[in-house]
Amino acid sequence: MKQKLSILFVLLVTIIVTGCKKNQEETQPINLSIQLSVDRNKVWFEVPYEKAEITLVNKLNNSKYSLKANHQGLVAVESIVPGAYSINVSLKITGAEFTTLTGTYRESDYYLNYSLDNQSYFGNTDAKIQLINSEIIGGFVIKQVYYAGSNASTGAIFRDQFIEVYNNTSETLYADSLLIAVVYGKINKTADSYSLPNNQYDWSKSLNMVATGNANDDYVYVKELFMIPSDGTGKKYPVLAGKSIVIAQTALDHTKPYTTNGGTTQNISNPALTVNLANADFEAYLYPYEQKLEPGRTMFASDVDNPNVPNMETYFATGARDMVLNPQGKESFAILKVDKSFNLNNIPSYALPTVRTVTAATVLYPQLPAKYIIDAVETEAIITADQTPRRLPMAFDSGAASITGGQYSSQSIVRKTAKTIGGRKVLQDTNNSRNDFGQLIKANPGKDEASFIAQ
């Protein structure tokens, strides 16, 4: 009996010692070497890598490392805690510097970006990062997105959501036929055989997929698609330089009670938490769209039409019965304008890659060529456990914006002001939303001075 107890004791000690050794190995500091590079077919000049701003964030304890590369693009990080990290790289080359480096005159700034989330480093690692040239198309930009909504009990929940689009040029632009897209992707991080390495859907594996180029990088797939109407002239809705338009989910004053489509009164307990959208430029009113799909369907109670505000044209909406945005930041947003060769009434659409049998009930998500994107914004949840894989091609947004208060906080993401020229604000647009956006503690659709933030 004593012999058996002795053997058991030895085994127990061995297990404990082995376990402690394993834990010690897992928590030993590691060294990380990162080599920055570019695609020489697209970036042919000598890149000043030492100008890159590199941020490494530990996803578990939020430890942040601000790093610098040498002139050859090498970044050395010593004695960091092993674990999962997010990496964000932004390299700005001024127009004057670009002219000197290339011999080609350029007035605007030139950017190289990169972003990666949940990259695991549990041992000494040599990593390679290829920076992406994020050219700014100019024109309209997304200024503000109020996706969080307000308190579910005392506010308006999701009913007061809106998107603000800004003319970031020095000339009058026209909003006619501008598309507003809510870009869709996986709502979890599950790894499977139908996903990319970052666990986002691999759309190339959707049944019957037809794509010119890369099904993932050259397209976006949307869950909601709206268009600003036009009278055929293309000049019905001018937007002056430095001015904006607000697209409301429901263009009502949400700080006051109103009558729903069901005839009941929608009260508001705390008006200070929500916003007045009665003066919005456009609203999403889905009832006509729903009647095409399902004639006779009862009107959605909160999708109240304001006859004084023009309605957006709805080309696709699934799940929600209004322009309902995910309050956690699990969607992305894009503004596009297509040419006459693209038929909006016959958009190629595909099932999720995980769907292996398509029936009449299968949801098919419209596929939009990324070449039509004017501006796009990636968002992410503030809580790490709620974050999902990025949905936008990195060339259009290499970062992600978020709010600190989370869902139903009344907060919005808003683009920073880069400079002011003759009273006109020029908003920052480096195609990296982690750098370009901040937040408003309370969303502001008023287009006034308080709706802007500094860099």
Side-chain angles (χ1 to χ4, degrees), residues 141-152 155-166 178-187 220-228 244-252 254 273-275 277 280-286 289 300-304 311-312 314-336 363 365-366 368 375-383 386-388 390-392 397 400-415 433 437 439-440 442-445 451:
V141 296
I142 297 172
K143 173 192 169 185
Q144 184 179 186
V145 183
Y146 177 41
Y147 60 80
S150 51
N151 190 275
I157 316 179
F158 54 77
R159 297 185 299 270
D160 54 356
Q161 294 172 329
F162 68 86
I163 297 172
E164 183 178 4
V165 176
Y166 185 82
L178 192 68
L179 293 169
I180 308 295
V182 179
V183 181
Y184 190 64
K186 190 181 287 188
I187 58 175
V220 291
Y221 301 82
V222 303
K223 64 171 291 189
E224 296 174 16
L225 183 63
F226 306 95
M227 188 178 77
I228 294 174
S244 62
I245 53 175
V246 170
I247 298 102
Q249 179 189 131
T250 302
L252 298 175
H254 294 276
L273 296 177
T274 185
V275 296
L277 290 173
D281 299 279
F282 302 93
E283 71 171 346
Y285 180 56
L286 269 67
Y289 171 78
F300 187 50
S302 64
D303 189 20
V304 179
N311 293 328
M312 300 286 286
T314 304
Y315 279 91
F316 184 76
T318 183
R321 299 184 62 191
D322 206 342
M323 191 184 77
V324 178
L325 312 179
N326 183 283
Q328 292 177 295
K330 293 186 176 183
E331 295 165 343
S332 302
F333 308 92
I335 52 177
L336 313 88
V363 177
Y365 294 86
L368 299 178
D375 188 40
V377 175
E378 184 84 24
T379 62
E380 68 179 6
I382 189 62
I383 300 174
D386 292 335
Q387 292 175 355
T388 53
R390 61 179 297 112
R391 294 152 291 269
L392 292 171
D397 190 352
S402 61
I403 53 173
T404 58
Q407 61 182 349
Y408 307 129
S409 62
S410 300
Q411 296 177 349
S412 65
I413 59 169
V414 62
R415 195 178 288 274
S433 289
F437 280 80
Q439 69 175 22
L440 291 176
K442 181 185 175 183
N444 184 349
S451 71

Tell me whether [X] contacts the main-chain N or O of [Y] through its side chain, where contact means a donor paired with an acceptor under 3.5 Å.
X: Ser410; Y: Ser150; value: no
X: Lys442; Y: Thr274; value: yes
X: Arg321; Y: Leu286; value: no
X: Gln161; Y: Gln249; value: no
X: Asp386; Y: Ala381; value: no
X: Arg391; Y: Tyr221; value: no
X: Asp281; Y: Val246; value: yes
X: Glu380; Y: Gln387; value: no

Can you name the nearest heavy-atom pair linking [X] to [Y], along with the distance?
X: Glu224; Y: Val324; result: OE2-O, 2.9 Å
X: Tyr365; Y: Val222; result: CD2-O, 3.4 Å
X: Tyr285; Y: Asp303; result: CE1-O, 3.2 Å
X: Ser402; Y: Tyr147; result: CA-OH, 3.8 Å
X: Asn326; Y: Glu331; result: N-OE1, 2.9 Å
X: Leu392; Y: Ala376; result: CD1-CB, 3.7 Å

### Message
Looking only at the side chains, is there a donor atom on one of Asp322 and Thr250 sitting less than 3.5 Å from an acceptor on the other?
### Response
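Looking only at side-chain atoms, Thr250 and Asp322 do form a donor-acceptor pair, the distance falling under 3.5 Å.
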### Query
Does any donor atom in the side chain of Ser244 or Glu164 lie under 3.5 Å from an acceptor atom in the other side chain?
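Distance-only check passes for Ser244 and Glu164.
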Mind checking what makes side chain to side chain contact (heavy atoms under 4.5 Å, CB included) contact with [X], not counting sequence neighbours?
X: Ser409; answer: Ala148, Ile403, Gln411
X: Leu440; answer: Gln144, Ser412, Val414, Asn444, Ile453
X: Gln407; answer: Pro327, Gln328

Non-hydrogen side-chain atoms of [X] and [Y] separated by less than 4.5 Å:
X: His254; Y: Leu277; value: yes
X: Phe226; Y: Met323; value: yes
X: Thr379; Y: Val145; value: no
X: Tyr184; Y: Thr318; value: no

So how far is it from [X] [atom1] to [Y] [atom2], rounded to the nearest 0.5 Å?
X: Leu368; Y: Tyr315; atom1: CG; atom2: OH; value: 12.0 Å
X: Glu378; Y: Phe437; atom1: CD; atom2: CZ; value: 11.5 Å
X: Ile413; Y: Ser433; atom1: CD1; atom2: OG; value: 6.5 Å
X: Ile335; Y: Ile163; atom1: CD1; atom2: CD1; value: 9.5 Å

### Task
Quickly, which of Val165, Leu336, Leu225, Ile142 forms a side chain to side chain contact (heavy atoms under 4.5 Å, CB included) with Ile180? Name it, please.
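Result for side chain to side chain contact (heavy atoms under 4.5 Å, CB included) with Ile180: Val165.
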### Message
Less than 6.0 angstrom separating the ring centers of Phe162 and Tyr146, yes or no?
### Response
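Yes - the distance between ring centres of Phe162 and Tyr146 falls below the 6.0 Å cut-off.
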